[in-house]
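Heads up, the thing below is written out as structure tokens.
Numbers restart at 1 for each chain; the letters A, B, ... are given by sequence-line order, proteins then strands.
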There are 2 protein chains.
Amino acid sequence: MVRITGKRISESTIHRLSLYYRLLKVLQDEGYETVSSKDLADREKLTPAQVRKDLSFFGQFGTRGLGYPVTELRQQIAEIIGINKKWNVALVGIGNVGSALVSYKEFQKQGFHIKLIFDNDQRKIGSFHKGIEVHDVVNLRQMLNKYNIEIVIVAVPGAAAQGVVNEVVAAGVNAILSFAPTNLRVPSHVTLRSENMAIEMEHLTFHLTNENLYYTA
Amino acid sequence: MVRITGKRISESTIHRLSLYYRLLKVLQDEGYETVSSKDLADREKLTPAQVRKDLSFFGQFGTRGLGYPVTELRQQIAEIIGINKKWNVALVGIGNVGSALVSYKEFQKQGFHIKLIFDNDQRKIGSFHKGIEVHDVVNLRQMLNKYNIEIVIVAVPGAAAQGVVNEVVAAGVNAILSFAPTNLRVPSHVTLRSENMAIEMEHLTFHLTNENLYYTA
DNA sequence: CCTAACTTGTGAAGTTGTTCACAATTTAAA
DNA sequence: TTTAAATTGTGAACAACTTCACAAGTTAGG
Ligand SMILES: NC(=O)c1ccc[n+]([C@@H]2O[C@H](COP(=O)([O-])OP(=O)(O)OC[C@H]3O[C@@H](n4cnc5c(N)ncnc54)[C@H](O)[C@@H]3O)[C@@H](O)[C@H]2O)c1
Ligand SMILES: NC(=O)c1ccc[n+]([C@@H]2O[C@H](COP(=O)([O-])OP(=O)(O)OC[C@H]3O[C@@H](n4cnc5c(N)ncnc54)[C@H](O)[C@@H]3O)[C@@H](O)[C@H]2O)c1
């Protein structure tokens, strides 16, 4: 769907870039200076061709006969993914999931800065979480603009999620991560990703239920 | 990968079955008795052919000229996915994520029963969460067996996750949902799904970073 | 009972994503 | 400096997944 210099980049490729990025950190820590597509592939259970093809969409990063420079490639992937910078994030819904997120240190380390928190519960509005004040969700649209929020995380009950998403879209924010177990609609210029635990669990139960039928003719 | 009566079922199809299942609930609540593949497709932004093909892997559920019976199809999909029964679940790691999960009511409603909780923190072992005692993780393997646990949710720090997963696999549990942001290895007969929020965020940043390059030739 | 309007189920065609295979390049050793 | 081994980058082949297109079956209205 996405094109860079005329090539289509699939979501699978984007996903694997994240995997490579993490793996390169491990290789860095293990002291490697270069790594071959075969090594990368073996550790991620992919094929070397897949690794080379993925990277080739974005440029030529390797040296024939030698492989890829670990530190440099990691930096390049960071730039491609867009995690070489800080991002302004807002959180809507400070319940169980929202609270877990706010206290998740890795998140901040990765460059995701939660600048604003919103809720519609009067008992929560005005309270502080890790130094961040909880605002009334009625001010959502206006504050997202004012604080230049680029990414919104939606952690409200399913029934409230679409309404929140609509406001977020209206505010001009183009990236949303939702934890609600409901189907959400956004215009095509907005990227929406969902963490839907129920669906993940259902993949598991499907396999448990049908494993006895694998490969039956 | 999975085959049922000779046909390969892709993970994408399994995923869409979960979507149909949820959508059919909505349609049920809205009072529909039958629904066409076109209606289902429109609501999920899919094609009618996709819907019919997905269902066709598992049997013939519709009536030509009329569509699919909503309640019956929902029940059939529940059976296919394996959510027409209760599942015994164990949770390892009762930190921020684990606690959110234990108090998540939808989870229990869906038929996922958290029977056991494990941790390695002496201050947590012996305490109770929603009536469930926290056990020492050293007893993991033995207790998973004893309580016939079918699915394990891993919510421990990344560094501890592979060790926990190894124990879970050794106990004979074949389905694992992990929240750790690390690459985990399991034998091919074990199904592992990961909720990796960092990777979802990186999909967002990729799109934000590269949207200006969409469709540039 | 006949016809027009629908809608499924599915083989075939089309599209997207993955793997193959090899020329091109680099390294290292003799 | 030559040669053998390693490894990238990529067009072409292949495989997987999605959409098309239509025969077959159903419904409803006259
Ligand atoms: N708790 C879990 O383990 C878990 C797991 C998977 C998915 N989820 C999903 O994540 C979402 C959040 O779950 P949770 O357990 O944190 O719920 P929660 O009830 O603990 O928290 C939801 C928060 O959203 C606030 N809220 C409700 N409506 C709002 C609105 N219109 N605008 C702003 N804030 C609003 C509530 O006041 C509350 O603080 C839900 O959609 C849930 O289904 C939760
Ligand atoms: N908090 C979040 O919002 C969030 C978001 C995304 C991913 N994650 C990931 O989810 C996992 C859990 O995160 P968290 O925030 O709940 O962490 P946490 O530190 O709050 O909880 C981890 C729990 O695991 C226990 N533990 C550690 N080692 C263990 C072992 N070997 N066996 C059994 N228990 C052990 C700890 O005692 C603690 O209770 C981590 O991998 C984290 O990276 C968390």
Could you pull out the protein-nucleic contacts involving nucleotides 25-30 of chain C (nitrogen or oxygen on both sides, under 3.5 Å)?
unit_1: C:dT26; atom_1: O4'; unit_2: A:Arg64; atom_2: O; d: 3.0

Collect all protein-nucleotide pairs involving nucleotides 12-14 of chain D in which both atoms are nitrogen or oxygen and the distance is under 3.5 Å.
none

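Protein atom CD1 of A:Ile14 is 10 Å distant from nucleotide atom P of C:dG17, rounded to whole Å. Rounded to an integer number of Å, the gap from B:Leu55 CG to C:dT7 C1' is 13 Å. In this structure, CD1 of A:Ile9 is placed 10 Å from P of C:dG17, rounded to the nearest angstrom. Rounded to whole Å, atom C1' of C:dG9 lies 12 Å from atom CZ of B:Phe61. Put simply, CG on B:Leu46 is 13 Å from C1' on D:dC17, counting in whole angstrom units.
Here C:dG9 is the nucleotide among C:dC20, D:dC17, C:dG9 with the atom lying nearest to any side-chain atom of B:Arg52. Side-chain proximity of A:Ser36 to the nucleotides D:dC17, D:dT19, D:dT7 is greatest for D:dT7. For A:Gln50, the listed nucleotide lying nearest its side chain is C:dT19; candidates were D:dT8, C:dT19, D:dT19. Looking at the side chain of B:Arg16, the nearest of the listed nucleotides C:dT7, D:dT18, D:dT10 is D:dT18.
Between D:dG9 and A:Tyr68, a contact under 4.0 Å exists linking OP1 or OP2 to a side-chain N or O. Contact annotation: A:Thr47 side-chain N/O to C:dT19 OP1/OP2 distance is under 4.0 Å. Look at A:Ser12 and you won't find any side-chain N or O under 4.0 angstrom from OP1 or OP2 of C:dG17.
Rounding to the nearest 0.5 Å places CG of A:Asn174 at 12.0 Å from CG of A:Leu192.
By the 4.5 Å heavy-atom criterion applied to side chains, B:Glu11 and A:His207 are counted as neighbours.
Atom OH of B:Tyr32 has 12 or fewer neighbouring heavy atoms from other residues, nucleotides or ligands inside a 6.0 Å radius. In this structure, B:Lys85 places its NZ atom where more than 12 heavy-atom neighbours from other residues, nucleotides or ligands lie under 6.0 Å away. For B:Lys45, the NZ atom counts as densely surrounded, since its 6.0 Å shell holds more than 12 non-hydrogen atoms of other residues, nucleotides or ligands.
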Salt bridge (charged side-chain N to carboxylate O under 4.0 Å, His left out) for B:Glu30 and B:Arg43? Distances and angles first, verdict last.
CA-CA 13 Å; B:Glu30 289 177 7; B:Arg43 298 228 194 181; 2.8 Å; yes
Should A:Val173 and A:Glu150 be marked as a side-chain contact (heavy atoms from CB on, under 4.5 Å) after you check the CA-CA gap, both sets of side-chain angles, and the distance that decides it?
CA-CA 6 Å; A:Val173 174; A:Glu150 299 158 294; 6.0 Å; no
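Among the candidates A:Leu27, A:Ile81, A:Ile77, the single residue satisfying the side-chain contact (heavy atoms from CB on, under 4.5 Å) test with A:Tyr20 is A:Ile77.
A:Phe61 and A:Tyr68 have their aromatic ring centers separated by at least 6.0 angstrom.
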